[in-house]
Amino acid sequence: MAVTVKKVTLWRREIQDRPGALAQVLAPLADAGASLRVVMGYRHPEPAGRAAVELAPVSGRKVTAAAQGAGLSPAAIGALLVEGDDRPGLGRTLSTALAAIFGFGSDADADRAVGIIKKSAAARPASRRAPARRAARSRRR
């Protein structure tokens, strides 16, 4: 499977860092029939007791209403969903090509990243042993 790159809108909400908080946010979306491809939940180091949830995609009237009812709203940051078969070093190849995290400061930045990701994902990975072989040859001379 080739790597696909798609712009997504992350929906986000701040929550309390307590057992069941994420499930409480997700329940109305599940009841509305949402098919989520991304769900991220993480706690904030400060202030203690706070966390956030980000998810995607949210589409259709029923799922959008459920997301809004659960306190979620579209995040202002651009994001891309990158999917495909895994291979050793793929994440490194993509992040090296971008030299950035996959959350972007604007939609325009996300648009520019689509081509970079597709091009670098299609490239053959460099051999991980090549630098070691070159160094060994240099020492023999």
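With values rounded to the nearest 0.5 angstrom, Thr9 atom OG1 is found 12.0 Å from Ile77 atom CD1. Taking OG from Ser73 and CD from Glu14, the interatomic distance works out to 10.0 Å, rounded to the nearest 0.5 Å. Between Ser120 atom OG and Leu90 atom CG the span is 7.5 Å, to the nearest 0.5 Å. Summarising the geometry, atom OG1 belonging to Thr93 is positioned 12.0 Å from atom CD1 belonging to Ile117; distances are rounded to the nearest 0.5 Å.
Using a 4.5 Å cut-off on side-chain heavy atoms (C-beta onward), Leu36 and Leu26 make contact. Side-chain atoms of Thr4 and Val82, non-hydrogen and from C-beta on, never get closer than 4.5 Å to each other. Between Val38 and Val8, every side-chain heavy-atom pair lies at or beyond the 4.5 Å cut-off.
Leu94 and Val114 fall within a single hydrophobic cluster, where Ile, Leu, Val, Met, Phe, Trp and Tyr side chains are chained together by heavy-atom contacts under 4.5 Å. Following chains of ILVMFWY side-chain contacts shorter than 4.5 Å, one can reach Val25 starting from Val39, so the two form part of one hydrophobic cluster. One hydrophobic cluster holds both Val3 and Leu80 under the rule that ILVMFWY side chains link at heavy-atom gaps under 4.5 Å.
Judged as a side chain to side chain contact (heavy atoms under 4.5 Å, CB included), and not counting sequence neighbours, the contacts of Ala108 are Ser106, Arg112. Every residue meeting the side chain to side chain donor-acceptor pair (under 3.5 Å) condition with Gln24, not counting sequence neighbours, appears here in chain and number order: Arg18. Asp31 is linked by a salt bridge (charged side-chain N to carboxylate O under 4.0 Å, His left out) to nothing, counting only residues two or more places apart in sequence or in another chain. Looking at residues two or more places apart in sequence or on another chain, you find a side chain to side chain contact (heavy atoms under 4.5 Å, CB included) between Asp111 and Lys7.
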Donor-acceptor pairs under 3.5 angstrom involving side-chain atoms of residues 49-72: please list them, not counting sequence neighbours.
| residue | atom | partner | partner atom | Å |
| --- | --- | --- | --- | --- |
| Glu54 | OE2 | Arg12 | NE | 2.9 |
| Glu54 | OE2 | Tyr42 | OH | 3.1 |
| Thr64 | OG1 | Gly60 | O | 2.7 |

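Comment: Lys6 does not engage Glu83 in a salt bridge, judged by the lack of any side-chain N to carboxylate O separation of less than 4.0 angstrom.
Sorted by first and then second residue, the salt bridge (Lys or Arg N to Asp or Glu O under 4.0 Å) pairs with a member in residues 65-79 form an empty list; sequence neighbours excluded.
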